[in-house]
Amino acid sequence: MPAKKKVQECITQEPHPMTVPDTTPVTEMGQLLNRVLENGANIETLERVMKLYEQRQAKLAEQQFNHAFAAFQKELPAVKKSKTASFTTTKGYTMKYSYASMDDVVQAVQPVLHTVGLSYWFEQSQEQVAVQKEVERQRGITETRPVTVSMITITCHLGHVSGHAIRNTVSGPVDASGNKNQIQQMSSAVTYLKRIALVGILGVACTDDDVDGHAPDVPTEKPSVYPDDDFQRNLPDWTARIESGRNTVEDIIINAESRAPLSPQQVQHIQAIQPRSTQPHSTQEANK
């Protein structure tokens, strides 16, 4: 007997319905202009009519956008935070947090946006900006200096098929953390700013009760004591600052302990340093 042929069934999914632009306003405009021309209107009258018509259409487009945006927010699923990151604060603490990546956000919002006739796009620019920045001169000692940083600006546009659109602009420096090259620094900053701009313009809320990209300065891993190597390296500078009167002993101790606690011996060593004006005179000078 001949072998029976297997019959394969192809199951297709219905695509998500998408709002189609209404072409009625174009037809209405043509009819309106024809009536105005038939009545012998001049150019100035035509311009006024077109301006009033454009204002009316812009208002209608805004109303349609607001209606679509409300429908989008009603159907928007929760965006899950699937990524984790950590960083070291200026005080030497290690902070950890979870966040929603750009992929997480896009995967959640894209299907719903298309259904209601909304779409987004980005514009990007970069410039050099002079800012005041705290620079660590020595371990535990910082000062403010003018520096030039490369700032990236991302503008996220959210538009509706009716023609109305809104935008959200965010800016930030390139990401110089880690051992990234210049291209990676820029790419990291662009991705982060795009996510912030998109989340902001859509009003997306991410799940979890933790912080998204911002961690309070609460220690999770704190050094037990100020490293002795760093202490010995910074001691000459601290001594010069105290002896010259630029800083007090208390200033140096507070600044150093913002990074890690000083040991009792280290504190005593710093407290033994005195400003030159209060240092005891030699025996010969005292006998004069």
Side-chain angles (χ1 to χ4, degrees), residues 79 81-107 109-110 113 118-159 164-204 206 210-218 230 233-234 237-238 240-241 246-247 251 254-256 258-260:
V79 179
K81 298 179 180 180
S82 66
K83 305 294 183 181
T84 59
S86 64
F87 66 96
T88 302
T89 69
T90 56
K91 295 183 179 181
Y93 305 147
T94 300
M95 308 305 307
K96 297 180 180 179
Y97 62 94
S98 61
Y99 66 96
S101 67
M102 186 66 174
D103 291 340
D104 294 330
V105 177
V106 171
Q107 185 176 2
V109 305
Q110 195 83 291
L113 285 173
L118 292 171
S119 61
Y120 65 87
W121 63 97
F122 297 100
E123 291 183 6
Q124 175 180 334
S125 62
Q126 184 175 355
E127 61 179 339
Q128 301 296 317
V129 180
V131 299
Q132 296 293 324
K133 184 178 180 180
E134 283 194 353
V135 180
E136 190 174 27
R137 185 175 177 272
Q138 294 284 343
R139 286 295 186 110
I141 301 295
T142 59
E143 61 183 17
T144 302
R145 297 178 183 175
V147 297
T148 301
V149 297
S150 181
M151 296 291 291
I152 297 176
T153 298
I154 297 293
T155 298
C156 179
H157 298 264
L158 180 66
H164 186 74
I166 60 176
R167 65 177 181 267
N168 181 32
T169 300
V170 295
S171 299
V174 297
D175 181 12
S177 62
N179 296 319
K180 304 181 183 72
N181 59 41
Q182 292 185 349
I183 300 298
Q184 291 170 333
Q185 290 177 3
M186 182 184 301
S187 177
S188 177
V190 168
T191 300
Y192 176 78
L193 292 174
K194 281 184 176 181
R195 177 170 62 88
I196 295 301
L198 182 59
V199 167
I201 201 169
L202 295 178
V204 171
C206 302
D210 64 2
V211 289
D212 187 11
H214 170 72
D217 205 5
V218 179
D230 293 341
R233 184 170 57 253
N234 293 325
D237 180 69
W238 294 343
R241 286 175 173 271
R246 285 182 294 169
N247 295 100
D251 292 338
I254 292 174
N255 204 330
S258 67
R259 176 171 178 258

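Predicted, not measured: the structure shown is a model, and the values here were computed from it.
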Novice: Side-chain contact test, heavy atoms from C-beta onward, threshold under 4.5 Å: evaluate it for Val149 versus Gln128 and give yes or no.
Specialist: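 With C-beta onward as the side chain, the pair stays apart.
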Novice: Applying side-chain contact (heavy atoms from CB on, under 4.5 Å), name anything that partners Leu118, two or more places apart in sequence or on another chain.
Specialist: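 In terms of side-chain contact (heavy atoms from CB on, under 4.5 Å), with neighbours along the sequence ignored, Leu118 is linked to Phe65, Ala68, Phe69, Phe72, Leu113, Val116, Leu158, His160.
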Novice: Of all residues at least two apart in sequence or in a different chain, which pass the side-chain contact (heavy atoms from CB on, under 4.5 Å) check with Ser119?
Specialist: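 Applying side-chain contact (heavy atoms from CB on, under 4.5 Å) to Ser119 gives Trp121.
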Novice: Between the side chain of Thr191 and the main-chain N/O of Ser187, is any donor-acceptor distance below 3.5 Å?
Specialist: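 The answer is yes, because a donor-acceptor pair under 3.5 Å joins these two groups.
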Novice: Is it the case that the side chain of Asn168 and the backbone of Cys156 share a donor-acceptor pair, with hydrogens and angles ignored and the cut-off at 3.5 Å?
Specialist: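 Answer holds: no.
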Novice: Atom CD1 of Ile152 and atom CD of Gln126: how far apart are they, to the nearest 0.5 Å?
Specialist: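 The CD1 atom of Ile152 sits 5.0 Å away from the CD atom of Gln126.
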Novice: Return yes if some donor-acceptor pair links the side-chain N/O of Asn255 with the main-chain N/O of Asp251 below 3.5 Å, else return no.
Specialist: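 Not at all, since once roles are kept as given, no pair shorter than 3.5 Å links the two residues.
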Novice: What are the two closest non-hydrogen atoms of Asn181 and Ile183, and how far apart are they?
Specialist: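 Of all heavy-atom pairs spanning Asn181 and Ile183, the closest is OD1-N, 3.1 Å.
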Novice: For Met186 and Val174, which heavy atoms make the closest approach, and how far apart are they?
Specialist: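 Scanning both residues, the minimum pair turns out to be CA-CG1, 4.5 Å.
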Novice: Checking Glu123 now: which residues fulfil side-chain hydrogen bond (donor to acceptor under 3.5 Å, both in side chains) with it, not counting sequence neighbours?
Specialist: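 side-chain hydrogen bond (donor to acceptor under 3.5 Å, both in side chains) check on Glu123 returns His157.
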Novice: For atom CD of Gln182, decide whether the heavy atoms of other residues, nucleotides or ligands shown that lie under 6.0 angstrom number more than 12.
Specialist: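 Open: at most 12 neighbouring heavy atoms sit under 6.0 Å from CD of Gln182.
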Novice: To the nearest 0.5 Å, what is the distance between CD1 (Ile154) and CZ (Arg167)?
Specialist: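 Separation between the atoms: 14.5 Å.
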Novice: Keeping Gln107 on the side-chain end and Asp104 on the backbone end, is there a donor-acceptor pair under 3.5 Å?
Specialist: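 Judged by distance alone, no pair lies under 3.5 Å.
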Novice: Can you sort out the partners of Asp103 under side-chain contact (heavy atoms from CB on, under 4.5 Å), two or more places apart, ordered by chain and number?
Specialist: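 side-chain contact (heavy atoms from CB on, under 4.5 Å) check on Asp103 returns Ser101.
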Novice: So if I apply the side-chain contact (heavy atoms from CB on, under 4.5 Å) rule between Thr155 and each of Thr169, Leu193, Val170, which one comes out positive?
Specialist: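 Exactly one pass, corresponding to Thr169.
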Novice: My understanding is that only residues two or more places apart in sequence, or in another chain, count here; which of them pass side-chain contact (heavy atoms from CB on, under 4.5 Å) with Val106?
Specialist: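 For Val106, the residues satisfying side-chain contact (heavy atoms from CB on, under 4.5 Å) (neighbours in sequence not counted) are Met102, Gln110, Tyr120, Leu198.
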Novice: Tell me, please, which residues at least two apart from Ser171 pass side-chain hydrogen bond (donor to acceptor under 3.5 Å, both in side chains).
Specialist: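 side-chain hydrogen bond (donor to acceptor under 3.5 Å, both in side chains) list for Ser171, sorted by chain: Thr153.
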